[in-house]
Amino acid sequence: MNALKPKGNFVRDIIDEDLRAGKNQGRVQTRFPPEPNGYLHIGHAKSICLNFGLAADYNGNCNLRFDDTNPETEEVDYVRSIKEDIRWLGFDWEEREFYASDYFEKLYAFAEDLVRKGLAYVCDLSAEEVTEHRGTLTKPGKESPYRNRPIEENLGLFRRMRAGEFPDGSKTLRAKIDMAHPNLLMRDPILYRIRRAHHYRRGDAWCIYATYDWAHGQSDSIEGITHSICTLEFEVHRPLYDWFLVNLGIHRPQQIEFARLNLSHAVLSKRKLLELVRDKYVSGWDDPRMPTISGLRRRGFTPSSIRRFCDEVGVAKANSIVDMALLEHCIREELNKIAPRAMAVLRPLKVVILNYPEGQVEDLECVNNPEDAAMGTRKVPFSREIYIERDDFLENPPKKFFRLSPGREVRLRYAYFITCVEVKKDSATGEIAEIHCTYDPATRGGDSPDGRSPKATVHWVSAAHAVPGEVRLYDTLFTKRDPGEVEEGADWKSNLNPKSLEVLRDSKLEPFLKKAEPGDQFQFERLGYFSVDLKNSSADRPVFNRTVTLRDTWARITKAGKENE
RNA sequence: UGGGGCGUCGCCAAGCGGUAAGGCAGCGGACUUUGGAUCCGCUAUUCGGGGGUUCGAAUCCUCCCGCCCCAGCCA
């Protein structure tokens with residue numbers, strides 16, 4: 001199912017053209033360069049699929065490179081999770097696991113080279129002064145008074161910076177470009193800052209750290225990257241990326257920018273995701289409501305469904321927000337084919353079948369997957385008292401409600417036709433306590449000899465055999481399609497969906513579900529796809545996460561009805 | 001505002017001078033022991049707007065409009 005021929009896109013056009021022109025001796029080398037300061041999310045998946053996919057299609061390689069030049073936010077656990085997620089998605093960087101922090105020495109040497117060429121200088125301006133000197137969008141900047149220091153002095157100062165002779169923030173190494181350049185990034189950008197922070201890999205070996213602009217392009221060059229693919233916001237960095245490489249006289253990869261993924265009703269920025277985790281709006285990076293790879297995994301998404309989604313989304317340069325419905329479609333499509341069916345009653349309502357012999361139990365044969373006969377059948381116990389979904393009974397049914405109601409007959413899936421004869425209510429609350437029905441013994445298995453067919457088929461679980469379990473229902477984390485769209489003075493978190501999680505602690509599961517293992521996936525008939533929670537499920541108390549609902553035309557009808565009120 | 005990008009159906013997205021692919025969503029209908037799945041059909045005379053070039057333009061030129069990115073010693 002992944003044999004789809006790759007969709008064309010502008011990045012491929014560029015590569016095709018380069019190949020035609022004989023660039024890079026026909027080599028294609030890409031890289032995925034995460035910063036280990038957070039967990040990967042579905043936006044990263046798009047980049048991973050693009051970079052690894054391109055490499056595979058063009059017979060090249062894709063490196064994994066941790067862009068770890070900022071010791072203040074990076075951690076080993078993030079490295080661990082990133083590797084786990086990429087592997088889980090189905091990609092392999094083989095032995096090409098690189099770290100910008102392994103290039104620190106080389107990057108430093110490149111910097112000295114630039115100094116020697118008179119193209120970089122040590123600047124004593126403070127952070128605030130640097131900002132002032134930068135000018136604005138419309139006003140050119142002012143040159144730093146330290147800009148014309150002699151080369152030897154710069155060299156000496158830079159070495160002393162590295163040696164730790166100056167306090168944090170007191171000096172920077174800057175490229176000498178053009179303080180009046182219309183592109184602010186070209187106004188003598190900073191290459192190194194002094195920061196005595198413990199680096200998770202280099203420890204305290206360094207007290208000066210390269211900035212992104214200085215580290216990224218040169219790292220790409222060191223690795224022989226041919227096509228350095230990044231997101232749109234780096235478009236303005238490209239002139240600088242090229243300037244460094246050209247002036248250093250080293251291999252120059254081609255930077256190509258594409259539009260990052262945005263998902264409706266979700267937030268896809270590490271800063272915001274971190275805030276949700278840190279301030280406990282969710283249970284962690286892997287909360288099933290999170291758009292992180294680990295969250296999606298725990299929710300029940302499969303690697304192939306995510307890859308498929310990334311394929312469907314395409315690669316272009318226009319900012320866009322992809323509908324969550326597409327992601328849901330991708331997982332439904334896959335699970336429909338592979339998930340075994342089961343019956344589970346989420347919100348139980350007891351049904352007593354008056355004319356069914358007390359104490360009798362029948363094992364009825366149920367199909368495991370109508371989409372795949374090879375998956376066979378199983379036996380499910382049926383008895384006098386069963387549970388059905390509360391939503392499947394209505395005392396006063398509206399027009400298009402086909403399910404059970406007083407006097408009406410419905411089919412119990414793979415079992416019998418039953419007719420509701422009485423509704424028992426709790427005398428105190430008035431709530432429906434249980435309903436009484438009669439069954440037609442001639443309809444065993446769900447077919448009637450006289451050919452009549454009820455309008456509805458409902459699922460059920462035998463009360464005596466039911467396995468109690470917990471079911472967690474999820475809705476989008478945000479109520480707005482674009483969570484960033486807020487009222488004056490409000491914060492994006494004001495769009496958090498208070499109903500994004502609903503926990504059902506008294507669900508009744510079909511017996512064999514007791515044996516389900518963490519990660520196992522099922523379709524609960526008529527409800528949706530569910531997977532056993534990776535963390536909180538146990539044999540004596542299974543916990544299921546709803547991955548996605550089934551398409552539900554009845555829900556659409558009721559929803560439309562409400563909207564018209 | 002200076003610079004850099006982008007604007008094709010509700011949401012994505014092909015298209016690269018020869019007369020608007022596809023997917024998702026939606027809407028009909030068929031079928032159905034999941035109101036599921038499947039199947040069939042419908043949905044842009046029009047490509048942000050105006051003007052121009054051309055036999056012919058979403059594709060070229062031009063002006064205008066709208067949106068995004070850049071003033072971190074973050075990436």
Side-chain angles (χ1 to χ4, degrees), chain A residues 7-9 13 33-35 37 67-70 72-73 123 125-127 130-132 134-141 168-169 171-174 181-187 189-195 208-209 211-213 215-216 230-239 257 259 261 264 270-271 311-330 332-333 336-337 341 343 366-367 370-371 400-403 411-415 417 443 445-448 453-459 481 523-528 549-557:
Chain A
K7 279 164 90 170
N9 60 51
D13 292 345
E35 185 192 8
N37 67 346
D67 213 348
D68 52 358
T69 56
N70 181 2
E72 283 162 342
T73 56
C123 180
L125 254 26
S126 68
V130 167
T131 302
E132 277 169 41
R134 187 152 31 223
T136 68
L137 296 178
T138 48
K139 281 192 286 287
D168 283 9
K171 285 180 169 40
T172 55
L173 182 74
R174 298 227 255 162
H181 199 109
N183 179 344
L184 305 224
L185 286 159
M186 298 297 270
R187 321 243 261 226
I190 287 165
L191 275 46
Y192 279 93
R193 66 276 207 186
I194 305 175
R195 191 74 73 243
I208 58 172
Y209 289 95
T211 54
Y212 164 84
D213 285 307
H216 204 92
C230 59
T231 45
L232 252 28
E233 64 270 28
F234 292 101
E235 210 150 21
V236 288
H237 291 245
R238 185 162 17 108
E257 313 83 11
L261 172 70
S264 76
K270 278 203 246 180
R271 195 208 102 223
D311 255 15
E312 294 292 333
V313 159
V315 179
K317 295 195 69 160
N319 294 321
S320 61
I321 302 177
V322 175
D323 236 280
M324 184 71 81
L326 215 212
L327 217 207
E328 295 183 339
H329 165 262
C330 292
R332 277 195 195 102
E333 185 179 56
N336 175 48
K337 292 179 198 130
R341 313 284 118 130
M343 290 199 282
C366 301
V367 174
E371 302 292 316
K400 292 180 187 157
F401 184 86
F402 305 147
R403 285 108 94 148
R411 169 166 41 231
L412 292 177
R413 176 135 241 229
Y414 299 125
F417 292 0
T443 58
D447 282 309
S448 86
S453 184
K455 282 279 263 185
T457 298
V458 305
H459 57 97
R481 167 182 164 72
Q523 182 198 100
F524 287 174
E525 295 221 23
R526 302 205 309 133
L527 299 174
T549 61
L550 247 31
R551 286 181 85 240
D552 187 345
T553 58
W554 171 243
R556 282 212 298 277
I557 292 168

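Atoms considered below: every heavy atom in the structure, side chains included; atoms not considered: hydrogens, waters and symmetry mates. Convention: sequence-line order gives letters A, B, ...; per-chain numbering from 1.
Going from the C1' atom of B:rA20 to that of B:rU59 covers 12 Å, rounded to whole Å. Atom P of B:rU46 sits at a distance of 26 Å from the matching atom of B:rC27, rounded to the whole Å. Using C1' as the reference atom, B:rC63 and B:rC24 are 37 Å apart when rounded to the nearest Å. Taking atom P in both B:rG10 and B:rU43, one finds a spacing of 15 Å when rounded to whole Å. Only the P atoms considered, B:rC47 is 16 Å distant from B:rG52, to the nearest whole Å. On the P atoms, B:rC61 is 15 Å away from B:rG7, given to the nearest whole Å. Taking atom P in both B:rC16 and B:rC11, the straight-line distance is 24 Å, to the nearest Å. B:rG41 sits 44 Å from B:rG5 when the P atoms are compared, rounded to a whole Å.
Considering only heavy atoms from C-beta on, A:Leu125 comes within 4.5 Å of A:Arg174 through its side chain. When side chains are defined from C-beta on, A:Leu412 counts as touching A:Val458, because their heavy atoms get closer than 4.5 Å. Counting only heavy atoms from C-beta outward, the side chains of A:Asn70 and A:Asn37 never approach each other to under 4.5 Å. Residues A:Thr69 and A:Thr211 fail the side-chain proximity criterion, which asks for heavy atoms closer than 4.5 Å.
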- Task: Would you check, one step at a time, whether the test ring pair (Phe, Tyr, Trp, His ring centres under 6.0 Å) holds for A:Trp554 with A:Phe402?
- Result: CA-CA 9 Å; A:Trp554 171 243; A:Phe402 305 147; 7.3 Å; no
- Task: Mind running side chain to side chain contact (heavy atoms under 4.5 Å, CB included) on A:Asn319 and A:Leu232 for me, showing each step along the way?
- Result: CA-CA 9 Å; A:Asn319 294 321; A:Leu232 252 28; 3.6 Å; yes
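Proximity note for A:Val322 (side chain, C-beta onward) versus B:rU34, B:rA13, B:rC12: the nearest is B:rC12.
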Interface polar pairs with nucleotides 21-25 of chain B, N/O, under 3.5 angstrom:
unit_1, atom_1, unit_2, atom_2, d
B:rG23, O2', A:Glu312, OE1, 3.1
B:rC24, OP1, A:His329, NE2, 3.2

Name the pairs: protein N/O against N/O of nucleotides 41-43 of chain B, kept only if under 3.5 Å.
none

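Distance CG (A:Asp552) to P (B:rU34): 14 Å, rounded to an integer number of Å. Rounded to whole Å, the distance from CZ on A:Arg187 to P on B:rG2 is 13 Å.
Residue A:Pro370 is classed as a base contact, given a heavy-atom separation below 4.0 Å to a base. Within the 4.0 angstrom heavy-atom criterion, base atoms lie near A:Asp447. At a threshold of 4.0 angstrom between heavy atoms, the contacts of A:Glu328 with the nucleic acid are absent. As judged by a 4.0 angstrom heavy-atom cut-off over every strand, A:Arg403 is placed among the base-contacting residues. A:Val315 comes within 4.0 angstrom of sugar-phosphate atoms only, judged by non-hydrogen atoms across all strands, and of no base.
Tested against A:Arg341, the residues A:Glu371, A:Arg526, A:His459 include a single side-chain contact (heavy atoms from CB on, under 4.5 Å) partner, A:Glu371.
Under the side chain to side chain contact (heavy atoms under 4.5 Å, CB included) criterion, A:Thr231 pairs with A:Glu233, A:Phe234, A:Phe258, A:Arg260, not counting sequence neighbours. Residues satisfying the salt bridge (Lys or Arg N to Asp or Glu O under 4.0 Å) test with A:Arg195, not counting sequence neighbours, are A:Glu72. The salt bridge (Lys or Arg N to Asp or Glu O under 4.0 Å) search around A:Glu132 returns none, not counting sequence neighbours.
The pair A:Glu35-A:Lys270 fails the salt-bridge criterion, with no side-chain N (NZ, NE, NH1 or NH2) lying under 4.0 Å from an Asp/Glu carboxylate O. Ion pairing between A:Arg481 and A:Asp323 holds under the 4.0 Å rule for side-chain N and carboxylate O.
Across all strands shown, B:rC67 forms a Watson-Crick or G-U wobble pair with B:rG5, both key distances being under 3.5 Å. Remark: B:rA75 base-pairs with no nucleotide in the shown strands. Criterion, Watson-Crick or G-U wobble with two distances under 3.5 Å. Here B:rG26 sits opposite B:rC42 as a Watson-Crick or G-U wobble pair (both hydrogen-bonding atom distances under 3.5 Å).
For B:rG15, the base adopts the anti conformation, since its glycosidic angle falls more than 90 degrees from zero.
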- What string of B, S and - do you get for nucleotides 68-75 of chain B 5' to 3' if you count protein non-hydrogen atoms under 4.0 Å? SSBBSBSB
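The OG1 atom of A:Thr549 sits 9.5 Å away from atom CG of A:Leu527, with the distance rounded to the nearest 0.5 Å.
Donor-acceptor pairing under 3.5 Å, judged by distance alone, is absent between the side chain of A:Glu371 and the base of B:rU38.
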